[in-house]
Amino acid sequence: MKRRAALLTATALTGLAATLVTAPSAGAHDTAAPPRTGFELTHGARWTTQPEEQRLLETVDRASGRVHVTRIGTTAQDRPLRLVRIGAARTPNKVLLVCSQHGNEPSGREACLTTVRDLAYAKDRETKRFLDRTTLLVVPTANPDGRAADTRGNSDGVDINRDHVALKTAEGRALAAVIRDERPDVIYDLHEYGATPPYYDKDLFDLWPRNLNTHPGVHDVAQSLSEDHVRPAAGAAGYSTGTYGIWTDPVTGDPIRQTAGDGQERILRNLSGIKHAVGLLIESRVDPLTDAEKADEALNNRRRVDSHLAALNGLIRFSSERRGTVEAVTAKARAAGYADRGAVYLGGADNETPEPSEVLADPPCGYRLTAGQYAEVGDELALHGVRVQKTGNGVFVPLRQSLRALVPLLLDGRATYHLAEGEAITSCR
Ligand SMILES: [Zn+2]
């Protein structure tokens, strides 16, 4: 495998030679060479197995003082869900990578495992400085049962990336708890897609949160992450890029049709924005379009992974260079809900005007849930981090809180994916 490509994350950040990362270390524990993934060892002929992932993470955890691996949940088939934390113990800035929510889209996971390893063993000053100020959180295999079976959904056939509101799956619940407890400033969600040449076949497509409840500052920085950082970084490495879900004219490049990428809140990309993180979905192309890739599956696989790694470079650079901006917009977005002002949107997107019926122009000040309703959805509200007030016979859920827009999305009967139909309260003291 092209070892240098696998080291892009650490090296492009610094501009220093890749050899720095693999150079023997003076440390007591890490004299051994950095571990390699099953994918790397086979030059891309197959994907890294779960036992190989476990060994790699254990090795990295032991060897590097800046890496900590924890278990954040267990799947229905008893596989561990893991979170890798890389960086100083406490940093104000956190970036979360969510890798291969869809089990049959393995290349994001490979890029994540390689990135974890490279950052763990990086010795250069700039990477150290980056990790002193930013914690990278990685869920390397967000859907272990689906990965084992090579299926999109988990072992119950549930699409985890449609479960971020309902939280019915162990995978969705574990991720919600991470987002609630860590409050990541950036959430980067790695996928793969099937091409439709010549309209929809770029090496990479990405997309920011289109949901209209995303704070404008967060939305704009997410779009900038795509357009000013991730796409240029991928382009510099020779990969073509575009906007997820938008078919373009092969000659003019003009958009001709939208097939995906709407504003629905149950997708991680959109819920990231609603929860005040700079979100980005990124998808590498599965299909081999060149004769060389058609003739060599490993070459095809390496392009799928290496394009993700090139884009991750853009993310790391963004996280380093625009840390202050990111912290400012996420802090402002988190605080905005306490003013309890402005519309809440039950539909629409940043490129689709909502129907009048989808706009709560003057939303209620909260929703009342009966004790029975609260017994049904209390766990989910807690996992989301929604604050409730106990009342005599149930709870009151005020909009005046950080996750203000999420409250109607969860509790208003008109919201498409509501958990419960709360009683809208329009006058509050
Ligand atoms: Zn996917």
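All heavy atoms count here, side chains included; hydrogens, waters and symmetry mates do not. Remember, it's 1-based here, ligands and their atoms both numbered in the order they're listed.
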### Query
With respect to the Zn ion (ligand 1), what is the nearest N, O or S atom of H102?
ND1

### Query
Distance from T48 atom OG1 to R36 atom CZ, nearest 0.5 Å?
11.0 Å

### Ring geometry between W208 and H219 (parallel below 30°, tilted from 30 to 60°, perpendicular above 60°)
perpendicular

#### Entry: Check: R210/Q264 side-chain N/O donor and acceptor closer than 3.5 Å
no

### Query
Name of the H191 N, O or S atom nearest the Zn ion (ligand 1)?
ND1

### Query
Within E192, is some N, O or S atom less than 2.8 Å away from the Zn ion (ligand 1)?
no

### Message
Report the atom name of the nearest N/O/S atom of E105 relative to the Zn ion (ligand 1).
### Response
OE1

### Query
Is it the case that S307 and S284 place a side-chain donor and acceptor less than 3.5 Å from each other?
no

